[in-house]
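A quick write-up on the structure given underneath.
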Amino acid sequence: MGILLYKTFATPELSWLHFFTMACYWVAFIASALVVSSIIYFAVKLKRPRKASTQLRTTALSSHIS
């Protein structure tokens, strides 16, 4: 609904083809930025050392499973 209102009232002289082309570029740019930021987030999270309590709990759990 917001896209239709924006196109109709903010830029009525813009063609629909150009409008959707630019919208696709913006969505692709934003999605790419979000993907890159999530890759960086998880790369940093995986490099951090785990807390000792988590490692002890995992070790204790694995000894019960074996």
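The first residue in the sequence is number 1, and the count goes up from there.
One finds the OH atom of Y25 at 15.0 Å from the CD1 atom of I30 (value rounded to the nearest 0.5 Å). Once rounded to the nearest 0.5 Å, the distance linking OG of S37 with CZ of F42 reads 10.0 Å.
Side chain of S15 to backbone of H18: a donor-acceptor contact under 3.5 angstrom is found. Between the side chain of K7 and the backbone N or O of L14 there is at least one donor-acceptor pair closer than 3.5 Å.
The 12-atom threshold is exceeded at CG of L5, counting heavy atoms of other residues, nucleotides or ligands nearer than 6.0 Å. Within a 6.0 Å sphere centred on OH of Y6, other residues, nucleotides and ligands contribute 12 heavy atoms or fewer.
In this structure, the side chain to side chain contact (heavy atoms under 4.5 Å, CB included) partners of L4, at least two apart in sequence or on a different chain, are T8, W16.
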